[in-house]
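All values below come from the heavy atoms of this structure, side chains included, with hydrogens, waters and symmetry mates left out. Since we're looking at a predicted model, the values are computed, not measured. Lettering follows sequence order; numbering is per chain, from 1.
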Protein chains: 2
Amino acid sequence: MGNRCENCIVRQLNSLKVLKKEELKAISDHKVTRSIKKGESLFSEGEKLNGIFCVRSGVSKLSKISENGKGQIVKIASKGEMIGQRSIISEEQTNLSAVALDDMEVCFIPKNHLIDNISKNVEFTKALLKHMANDLKFADTVIVNMAQKTVKQRVAETISYLDDNFEKDKDGYIGVILTREDIANVVGTAKEACIRTLTSLKKDKIISTQGKRIKIEDEKALYNIIQGI
Amino acid sequence: MGNRCENCIVRQLNSLKVLKKEELKAISDHKVTRSIKKGESLFSEGEKLNGIFCVRSGVSKLSKISENGKGQIVKIASKGEMIGQRSIISEEQTNLSAVALDDMEVCFIPKNHLIDNISKNVEFTKALLKHMANDLKFADTVIVNMAQKTVKQRVAETISYLDDNFEKDKDGYIGVILTREDIANVVGTAKEACIRTLTSLKKDKIISTQGKRIKIEDEKALYNIIQGI
DNA sequence: AACAAAACCTGACAAAAGTCATCTTTTGTC
DNA sequence: GACAAAAGATGACTTTTGTCAGGTTTTGTT
């Protein structure tokens, strides 16, 4: 396997970037690169993880199943994202499931090599800490949105989020392809309500679609909807 | 001020417990103990904090105002809780407001003394990291609940949460006194819907109330409601 | 290209929750 | 203890969202 962490561009995007060359080498010697096909699962809720996944390419959804059986997507993770850090840090089974939305390439980094670094390298721990602080802030915002915004506002917000955080394709469409049901599961609503909302946004020329692909046509109007104007 | 951190019981409840005696002394020399009256604010959304607050007694609500003007309570913090850590770690203005629900006693610990410890003491950073990982897990659960549970389930969940996490008074009532509106703002619903739900729970002898005080009468039934049974 | 499976869409209706208006009770203060 | 202010409660009505049932289109596979 010629993919050394030291040379991996993905690393620049996450907390691993603060590690020194030797530390990265140690990790690289023990990591395993895996290919995951669209629809396959990286791990499931309740599993005990033995390490984290670093996404090299492709996109994964992280979701949690509620008692009533509906799944809630809590995060869409793509290139550079590290998946599973939280449960490694708190040393407990994972509270989320991860499923590939694309064909993916991920590196699996065994737990003990990370824990070594957490114990020895304050910079790394600090980087993780900052990252987690940001996740937490984001989570607070999501809670407020869930609690107080309408389905339409949340759909608009989700589209805007995807547009901001993932590259667009050649035609200007948002580069992550989600089914309507997946979008509904991000938004926290029923598939039908999600479809209806998208239809209404299309009618108002705020977005356009082609199959599952979505393009924003009127950014300002979308923003106004998010704000509830 | 005779209250030295080294001797403070509250410290046992949070990440400060891993600090060594000398480190605590340094913090203690620079902390300021403050009394905050019921209804007063510790800080407001958007403020830049110069340190964190460690709660010695009393209870505070941490909330976020959404664009439509409604407040969402994200956390109820009581004895031992450290307030403001997140924004100190990510070095940005706070995303929450903190208001006292009780008369409170808090210790203000200036930022630079904490940052010292974060940089020098890996154990402390690790403790913070674990704490934040737990907060994040909890936040994920709240997101799912908000997205997928009914108001009744969420009200029940909130009562159960308060019952589990705060001491009860002599008569067995939950020890945190929230207004109906505050409960609604935790649950993410309107005051009226919250009141109606509590009324219905009373009718079914699942809880009883006396003024603002709430007592759980039928824990099992409450649990079933949370589960949507 | 044909087919099946999956995903998408729409209508009709039911349930949940929000809003407004009004009244009652509690709380705090003089 | 009287009073005003705040909080609680309830009814009537509207809006939002969920559910079910039925179609259509897209996608992937052979």
Does a side-chain N-to-carboxylate-O contact under 4.0 Å join [X] and [Y]?
X	Y	answer
B/Lys215	B/Asp163	no
B/Lys61	B/Asp182	yes
B/Arg86	B/Glu92	yes
B/Arg34	B/Glu105	no
A/Lys205	A/Asp218	no

Exercise for the section: When you get a sec, tell me which of C/dA16, D/dT19, C/dC20 is the closest nucleotide to the side chain of A/Lys70? Expected result: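 The closest nucleotide is D/dT19.
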Problem - Mate of C/dC30 where both pairing distances stay under 3.5 Å, Watson-Crick or G-U - result: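 Check on C/dC30: paired to D/dG1, both distances under 3.5 Å.
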Under 4.0 Å between a side-chain N or O of [X] and OP1 or OP2 of [N]?
X	N	answer
A/Arg196	C/dC9	no
B/Thr179	D/dA6	no
A/Lys152	D/dT15	no
A/Thr189	D/dG18	yes
B/Lys212	C/dT27	no

I need the [atom1]-[atom2] distance between [X] and [N], as an integer number of Å.
X	N	atom1	atom2	result
B/Ile195	D/dA9	CD1	P	5 Å
B/Glu192	D/dG8	CD	C1'	10 Å
A/Ile177	C/dC8	CD1	C1'	15 Å
B/Ile183	D/dG8	CD1	P	8 Å
A/Asn185	C/dA7	CG	P	12 Å
B/Gln210	C/dT27	CD	C1'	14 Å
A/Leu178	D/dT26	CG	P	19 Å
A/Arg180	D/dT26	CZ	P	11 Å

Practice task
Hey, which sits more toward the 5' end of DNA chain C by its nearest nucleotide, A/Lys202 or B/Arg154?
Solution key: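 It is A/Lys202, whose closest nucleotide lies nearer the 5' terminus.
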Practice task
Would you kindly compare A/Lys38 and B/Thr199 by the position of their nearest DNA chain D nucleotide and give the one closer to the 5′ end?
Solution key: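 Closer to the 5' end of DNA chain D: B/Thr199.
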